[in-house]
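Structure, as structure tokens:
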2 protein chains.
Amino acid sequence: MSGYLKGRLRREDIIAAAMDVYREAGYHGSSLREIAKRANLTHAGLIYYFPSKEALLAAVLERRDAEDTEREKLDTTPPGVEVLHHFLAIVEHNTRNPGVVDMYTRLAAEAVAVDHPAHAYFERHYRMARDNAEATFRALSERGELRTGVDPAMAALTFIALWDGLQVQWLTNQAEVDMLGSIRTHLQNLLTVPLD
Amino acid sequence: MSGYLKGRLRREDIIAAAMDVYREAGYHGSSLREIAKRANLTHAGLIYYFPSKEALLAAVLERRDAEDTEREKLDTTPPGVEVLHHFLAIVEHNTRNPGVVDMYTRLAAEAVAVDHPAHAYFERHYRMARDNAEATFRALSERGELRTGVDPAMAALTFIALWDGLQVQWLTNQAEVDMLGSIRTHLQNLLTVPLD
DNA sequence: CCTACCGATCGGTAGG
DNA sequence: CCTACCGATCGGTAGG
């Protein structure tokens, strides 16, 4: 096994451990010592791989985006009902992966503070999500597939806000909250065509 | 000025300072020393008034509820469209008080963690909000004022989730987000009668 | 209400 | 990648 490969695997272990700890304690609440312990090394050893606490956070966010091949596909899907199906597929995927949702929600909430190291990341993330949704609703509107009086920009904002809010409710009580059904129903209520 | 009065005023100062710091740093991110400094005493002095960090948090949440005479009024309003007007009045009031919304959102997000000292408080808070909304939609449904096929329980969950999600978006970008308009439009879309 | 202190924990560095 | 350490900060206590 080459030294480079070993190093890469070690980094992956550390990132996975960091995601676990961020999920439980947020960024500020987590310590390099706790993350290092779960990756079986000392906190000084961790710093050998990631030069600072912030650099590790950046690596975690970067890998999360890299994993999101779904988002990649989203970018290349032409605006229309198909995009809504893509959104729903992501929600369904999330339903089977509460850990990632939990980590993301935890960090996003913390990063509302302007001086949080992930603030810029999430600002960009949300803007892209909103723009994407707005373009979709606009295309639907031009084809007459959006109910009369529904404004694409407001529909986009409402959709993203609903998605976020539902994740929080779902994380608090997964048994009682039908995240996928609620979003599907909400979208269907905006459309003049069936969503199936 | 009586000693008791002085003590009560001092406590109010400390609680106000705590709300400020919680808003900026959350509960775990804030220190008794910083809160104390803003209330013009030492952190040991603060502990003279509130025996622990958790006791101060409890006092902050308690006072926030006490201030919410609006919620009190909500409890005594019979289910129906009038309750929706009450909800919208709260949203409008919040629009003029970003500080309190910010503090609440920050704490609520942090308290998703089950071992957070405010976890039980927010669980109760959300359950009450959801139950209240569900009873309202149910009453509307029985009078035929809810659109066909709208399920009161799902409408309540969706409404609370949307409200929460919009607050986060609004806090991040107050200029671009029409919180009140979005909620009003969403509600109107569920009804068969005008919301005015 | 303060001064003075405690034990614990933090991110990061030195030096190997 | 570790041991050993630094300066800073934390919540809480003692004792007045």
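Residue numbers start from 1 in every chain, and the chains themselves are labelled A, B, ... in the order their sequence lines are given, proteins ahead of strands.
Separating the NE2 atom of A/His28 from the P atom of D/dC10 is a distance of 13 Å, rounded to the nearest angstrom. One atom, CG of B/Leu56, and another, P of D/dG12, lie 10 Å apart when rounded to the nearest Å. Across the protein-nucleic acid pair, A/Leu9 atom CG and D/dC1 atom C1' stand 16 Å apart, rounded to whole Å. Between the CD atom of B/Glu34 and the P atom of D/dG11 there is a distance of 11 Å, rounded to whole Å. One can place NZ of B/Lys37 at 12 Å from C1' of D/dT9, the figure rounded to the nearest angstrom. Atom pair A/Tyr48:OH and C/dG15:C1' shows a separation of 15 Å (rounding to whole Å applied). As a whole-Å value, the separation of B/Arg33 CZ from C/dC5 P is 14 Å. One interatomic measurement links the two molecules: CG of A/Asn40 to C1' of D/dC2, which rounds to 14 Å at whole-angstrom precision.
Within 6.0 Å of atom CD in B/Gln174, more than 12 heavy atoms from other residues, nucleotides or ligands are found, so the atom counts as buried in its surroundings.
B/Thr42 comes within 4.0 angstrom of a nucleotide base, judged by non-hydrogen atoms across all strands. Note on B/Ile47: a base of the nucleic acid sits closer than 4.0 angstrom, heavy atoms only. Within 4.0 Å of A/Leu32, counting heavy atoms only, lie sugar-phosphate atoms of the nucleic acid but no base atom.
Ring-centre distance between A/His186 and A/Phe159: not below the 6.0 Å cut-off.
The aromatic rings of B/His125 and B/Phe122 stand perpendicular to each other, their planes meeting at an angle above 60°, with 30° marking the opposite boundary.
In this structure, A/Ser31 does not reach the C/dT9 phosphate: none of its side-chain N or O atoms is under 4.0 Å from OP1 or OP2. For the OP1/OP2 pair of C/dC1 and a distance below 4.0 Å, the side-chain nitrogens and oxygens of B/Tyr49 include at least one atom meeting the criterion.
Taking only side-chain atoms of B/His43, from C-beta outward, the nucleotide of C/dG12, D/dC1, C/dA4 with the closest atom is C/dA4.
Using the Watson-Crick or G-U wobble rule with both distances under 3.5 Å, D/dC5 pairs with C/dG12.
The 5' end of DNA chain D is approached more closely, in terms of each residue's nearest nucleotide, by A/Ala44 than by the other of A/Ala44 and B/Lys53.
Between the side chain of A/Arg23 and the main chain of A/Val101, no donor-acceptor pair closer than 3.5 Å is present.
The shortest side-chain heavy-atom distance between A/Val112 and B/Thr105 does not fall under the 4.5 Å cut-off.
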